[in-house]
2 protein chains.
Amino acid sequence: MTINYSLLEETHFIEDIGLFFEQMGMPRMAGRILGVLLISDPPAQSITDIGHRLNASKSSISIMTRLLTENGLIERVASPMPRRDYFRFKPGGWVIYMRQWLELMAGLHKITERGLALVQDKPDAMKERLLEAHDLFSFLEENFPLLLEELRQKRVLHQNNGK
Amino acid sequence: MTINYSLLEETHFIEDIGLFFEQMGMPRMAGRILGVLLISDPPAQSITDIGHRLNASKSSISIMTRLLTENGLIERVASPMPRRDYFRFKPGGWVIYMRQWLELMAGLHKITERGLALVQDKPDAMKERLLEAHDLFSFLEENFPLLLEELRQKRVLHQNNGK
DNA sequence: CTCAACGTTTTGTAAATACTAAACGTTATG
DNA sequence: CATAACGTTTAGTATTTACAAAACGTTGAG
């Protein structure tokens with residue numbers, strides 16, 4: 001009996017993406033699905049396909065593809081076969097994901113402002129704690145998008161050079 | 001009967017930090033503790049103090065302060081009273097927290113390299129998905145620390161001006 | 001028209017999680 | 001020396017969560 005080593009390595013890769021997602025506080029299965037869609041050939045796979053690849057139930061896949069879609073990491077694509085929904089990794093997905101993360105952080109920036117209002121009559125030393133968060137997150141809110149834009153331009157350039 | 005409005009607002013603030021933590025995938029109680037330590041007067045509070053403020057059990061506080069300490073957001077400080085452990089928000093805590101977040105992202109960058117090895121024989125179009133993650137996260141790994149340093153210098157400058 | 005293949009939704013369940021309560025060890029105080 | 005205050009650890013519990021199985025609705029093929 002022969003062992004398909006690359007299949008093993010694929011599974012390992014898929015599981016690692018799953019573990020990464022778990023660390024980020026989301027369901028491991030969502031990460032596994034993304035893992036499949038990052039290396040699948042062809043890139044677009046149906047829910048049934050993914051379920052077979054992962055030995056997971058259709059219901060899980062259905063729910064988690066919805067979650068991934070909301071997060072902007074995957075998208076539905078027109079199906080070559082009728083009566084099937086295909087999903088693929090969404091180009092630019094990670095950037096969208098980062099932007100959502102940034103929004104979460106920006107939320108904290110608002111909360112710290114309310115905190116500062118609570119300690120407004122106290123000495124500056126008491127405000128420093130909150131200012132630290134406030135300054136960091138408003139700085140990120142302002143500069144992180146620039147960083148992403150910088151990356152985008154760098155990639156466009158690189159792609160053109162590759163031609 | 002009079003109502004202590006600022007206490008209500010404090011509780012609201014504390015709970016919002018808790019909810020933020022929950023969204024980040026960590027226990028809400030940890031966020032509530034941080035919330036207390038962001039507005040408490042004095043900044044350093046004992047486990048018992050925090051427990052009273054939150055109507056929460058000492059065991060929770062004990063475990064969650066450990067978690068927050070590991071995350072670099074709070075720290076033990078020398079106790080004025082004997083036989084008590086005091087905690088306070090750790091100066092620079094959010095930056096430490098960001099750095100840990102970045103390490104997590106950098107981990108993904110390694111995983112995608114393994115993914116690229118799996119599709120090395122396939123056309124470039126199949127690699128683009130993985131390259132997108134790879135490029136983004138190695139870019140972040142390289143440039144995010146610079147962003148944090150930029151902020152640090154800006155804050156130092158601002159502090160000096162304030163004097 | 002019937003059946004089969006899909007994806008979705010609902011229901012059920014096992015495991016993980018976030019807490020509390022109780023037991024414990026340590027040390028300062030009376 | 002005894003007791004009380006404190007933090008830690010362990011044990012217990014209730015809720016949440018991540019999944020699977022089953023029921024359901026839809027649509028295309030025969």
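Lettering follows sequence order; numbering is per chain, from 1.
Residues satisfying the side chain to side chain donor-acceptor pair (under 3.5 Å) criterion with B/Asp121, sequence neighbours excluded, are absent altogether. For A/Glu132, there are no salt bridge (Lys or Arg N to Asp or Glu O under 4.0 Å) partners two or more places apart in sequence or in a different chain. B/Arg155 is linked by a side chain to side chain donor-acceptor pair (under 3.5 Å) to A/Glu128, A/Asp135, counting only residues two or more places apart in sequence or in another chain. B/Arg88 is linked by a side chain to side chain donor-acceptor pair (under 3.5 Å) to B/Glu75, counting only residues two or more places apart in sequence or in another chain. The salt bridge (Lys or Arg N to Asp or Glu O under 4.0 Å) check on A/Arg129 picks up nothing, with sequence neighbours excluded. For the side chain to side chain donor-acceptor pair (under 3.5 Å) test, no residue two or more places apart in sequence or in another chain qualifies with A/Arg66.
Residue B/Phe21 contributes atom CZ, which lies 18 Å from atom P of C/dT17 at whole-angstrom precision. Here D/dT15 presents its P atom at 15 Å from CD of B/Glu22, a figure rounded to the nearest Å. At whole-Å resolution of the value, CZ in B/Phe87 and P in D/dC6 are 15 Å apart. Between the C1' atom of C/dT9 and the CZ atom of A/Arg66 lies a distance of 8 Å, rounded to the nearest Å. Distance NE2 (B/His52) to C1' (D/dG7): 13 Å, rounded to an integer number of Å. Whole-Å rounding puts the B/Gln23 CD to D/dT17 P distance at 13 Å.
Among the candidates B/Ile50, B/Thr48, B/Leu54, the single residue satisfying the side-chain contact (heavy atoms from CB on, under 4.5 Å) test with B/His52 is B/Thr48.
The stretch residues 44-51 of chain B touches DNA chain D through B/Ser46, B/Ile47, B/Thr48, each having a heavy atom under 4.0 angstrom from the strand.
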Run the side-chain donor-acceptor check on residues 90-100 of chain A: report pairs under 3.5 Å with partners two or more places apart or on a different chain.
{"from": "A/Gln100", "atom 1": "NE2", "to": "A/Glu70", "atom 2": "O", "distance (Å)": "3.3"}

**Request:** Could you encode protein contacts along nucleotides 19-24 of chain C as a string, one character per nucleotide from 5' to 3', using B for base contact, S for sugar-phosphate-only contact and - for no contact, with a heavy-atom cut-off of under 4.0 Å?
**Result:** SBB---
